[in-house]
Every structure is written in C-alpha cells, then in structure tokens.
Protein chains: 2
Amino acid sequence: MKRDAFLAIADPTRREIINMIAFHSLNVNTVASHFKVSRTAIYKHLKILSQCGLVQINQQGRERICEAKLEKLQDVSDWIEPYQKVWATRLDSLDNYLHRLQSQNEKIPEQVKKKKPVKRT
Amino acid sequence: MKRDAFLAIADPTRREIINMIAFHSLNVNTVASHFKVSRTAIYKHLKILSQCGLVQINQQGRERICEAKLEKLQDVSDWIEPYQKVWATRLDSLDNYLHRLQSQNEKIPEQVKKKKPVKRT
DNA sequence: TATTTGTGAAACCTTATGGTTTCGTTATTA
DNA sequence: TAATAACGAAACCATAAGGTTTCACAAATA
C-alpha cells in the first residue's frame, strides 16, 4: 500500500480538504463539519493525507490541528512540468503560426481558427 | 464513476504509459510489451486514460495507435499552481533571509542552513 | 465529580480497482 | 484460403477504497 502525493490528490474530498486547510490550519472536527460525510470518513482521508506527507497533524490539548504541507505537491508538479512545457510550446507554435498568417493578411484555415486566448507560462 | 486527470495519473503504471507515449505514439501491443502485466491489464489502463481524455486511440488498420493528449494535464497543474506559489514564496523568503544574513556577515543558524538551490518560477 | 467535547480505532458493508484467463472478431500475411 | 497478429470484451477474483455505526478514552468544562 504505497502512498504518494498522486494518490493523495486523486480523491476530490481530499483535494477539498487541502483547499480548506491550505492557508489556515484546522482541527479534525472543524474540517469534518464542512462535509456531508461522517467525521470518521474525513478522519480517514486526513490519515491518508498525513501518510502521503501532505498534511501534518499536531496535537494541542484534546484537539488535533491539521496543517497542510504544500511542498509535497512538488512531486506532482515535477512530473507534470516537462509535459506542460511540451503542450505550452505546441500551443505557442500554433499561436505564432496564426499571427504570421494574420500579419501576412492570409486566410486562416477553418480548422485552426483561434478559439480561446492561449495561456502562457 | 467520474473520471478525471487526477484519477488518471494516480496509478504509477498509467504514469509510465504517459511517459512512454508522450513524444511518440505507440500501438496497444507495443505499450503492453514494456510491462510485466498482461496486455489486457494495460488495455484497461489505456481505456481509463482515454476516458479521462489523456490518451486518444486512433485505429489504423488492425492497430490502435495511442496518442497522449498532454493538455489534459492542465486540470492538475491549474489546481496545484496557487499552492506552488505559496510554497515557492515561503522558500523564497527563507532564501532571501539567508542572503541578507550572509551579506551582513552574520552567522547562519544551523537549523536553517541552505541545502539545495531553491527553484523559482 | 459528572458531563460534554474531540478524537482514534474497530467491525462491518458495498463498490471500485487492478489483475487474470478465455474467447471472438477483424486485418494482415504466408 | 489458412494462419497469425492485434485487438475488444466478458467472466471472474482478490484486495483496496470509501463509507457507515459503534465503542473507548483523554481532556476540558459545568
């Protein structure tokens, strides 16, 4: 049962938990109260997140404060980065191609007409 | 059974498949031959990847060519991006702090000594 | 001290996941 | 035309995932 950041963020509930505690740590009950499912279910998610290193649980009296360790997401972005470069480059080339066409007052083929502004990094 | 890019890349075998076909499309058997598990198992992963929009399968004669659609990874990097900024900023502040210390010829406390060059965006 | 609050863990259930073997079908090719 | 290559799909299996209810226990509080 190998647990990593990829597995951690695969579940939408766990992504929501990250969203919740990313900027301010919360105790288990407070996290759970924002969801429809039971506290125990959320606790299980928190346990998985903590096993994956994405959440650190610190005891404070009878409460356990859940703190997001966002750096662990680096594993995921490291994996994606090279591919992101590829698709960004591809989009950029298309974008440039369209610009060249336009500046030459040529007709843009229907199939490649620009639909959305292209996001750059 | 909602399928998205997060789920697609949660499995290590599927990530390997993406690695394999990212830069050159391959047919199902060729993909499968690189793994220890059966062709059928790989085919199932390919089906999931295609349901998630990360792979497009094009028939060519009796072969099905699997082509990676890397743009779909945008969903994932969009989700991570804001958090990446946060932890990058945190690391940057530490980095700046260390630089200030160094330029003032002060002693760097052991606990915060720089270990790796910090990656910036 | 008695009660409430916040939590961890166990037992259990249903469904999804990842794998297998087997079989049928369509293109190639000998 | 017969054999083989490349699939797709079905049936099946073990285990993991995500959920529930219940119980136990320590800390805070009335």
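In what follows, every chain begins at residue 1, and chains take the letters A, B, ... in the order their sequences are listed.
- Relative to the side chain of B/His45, the nucleotides C/dG18, C/dT17, C/dT20 differ in distance, and C/dG18 lies closest.
- Residues satisfying the side chain to side chain contact (heavy atoms under 4.5 Å, CB included) test with A/Phe35, not counting sequence neighbours, are A/Thr13, A/Glu16, A/Ile17, A/Met20, A/Val31, A/Val37, A/Ile42.
- Proximity note for B/Arg3 (side chain, C-beta onward) versus C/dT17, D/dG18, C/dG19: the nearest is C/dT17.
- Between B/Tyr83 and A/Phe23, the angle of the ring planes lies from 30° to 60°, which puts this pair in the tilted group.
- One atom, CG of A/Leu26, and another, C1' of C/dT7, lie 16 Å apart when rounded to the nearest Å.
- In the hydrophobic clustering (ILVMFWY side chains linked at under 4.5 Å, chained through shared members), B/Ile48 is joined by B/Leu7.
- Rounded to an integer number of Å, the gap from CZ of A/Arg15 to P of D/dG18 is 11 Å.
- Using a distance-only test at 3.5 Å, with no hydrogens or angles considered, no donor-acceptor pair links the side chain of B/Thr30 to the main chain of B/Leu26.
- A heavy atom closer than 4.0 Å to some atom of DNA chain C occurs in no member of residues 5-14 of chain A.
- Here B/Ser38 pairs with nothing under the side chain to side chain donor-acceptor pair (under 3.5 Å) rule; sequence neighbours left out.
- A straight line from CD of A/Gln60 to C1' of C/dG6 spans 13 Å, rounded to a whole angstrom.
- Contact check, A/Ser38 against D/dT20: a side-chain N or O comes under 4.0 Å of OP1 or OP2.
- By the side chain to side chain contact (heavy atoms under 4.5 Å, CB included) test, A/Lys44 pairs with no residue at all, sequence neighbours left out.
- Across the helix from C/dT1-D/dA30 to C/dA30-D/dT1, the helix axis at one end is tilted relative to the axis at the other end by 10° (nearest 10 degrees, each axis from five pairs).
- Spacing between atom CD1 of A/Ile42 and atom P of D/dG19 amounts to 7 Å, rounded to whole angstrom units.
- Residues passing the side chain to side chain donor-acceptor pair (under 3.5 Å) test with A/Asn58, sequence neighbours excluded: A/Gln56, A/Glu67.
- For A/Asp11, the salt bridge (Lys or Arg N to Asp or Glu O under 4.0 Å) criterion is met by no residue, not counting sequence neighbours.
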Base versus backbone protein contacts along nucleotides 3-11 of chain D [heavy-atom cut-off under 4.0 Å; B, S, -]: --BSBBBBB

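- The backbone N or O of A/Ala10 lies less than 3.5 Å from a partner atom in the side chain of A/Arg15, making a donor-acceptor pair.
- Residues meeting the ring pair (Phe, Tyr, Trp, His ring centres under 6.0 Å) test with A/Tyr43, sequence neighbours left out: none.
- Judged as a side chain to side chain contact (heavy atoms under 4.5 Å, CB included), and not counting sequence neighbours, A/Arg62 has no contacts.
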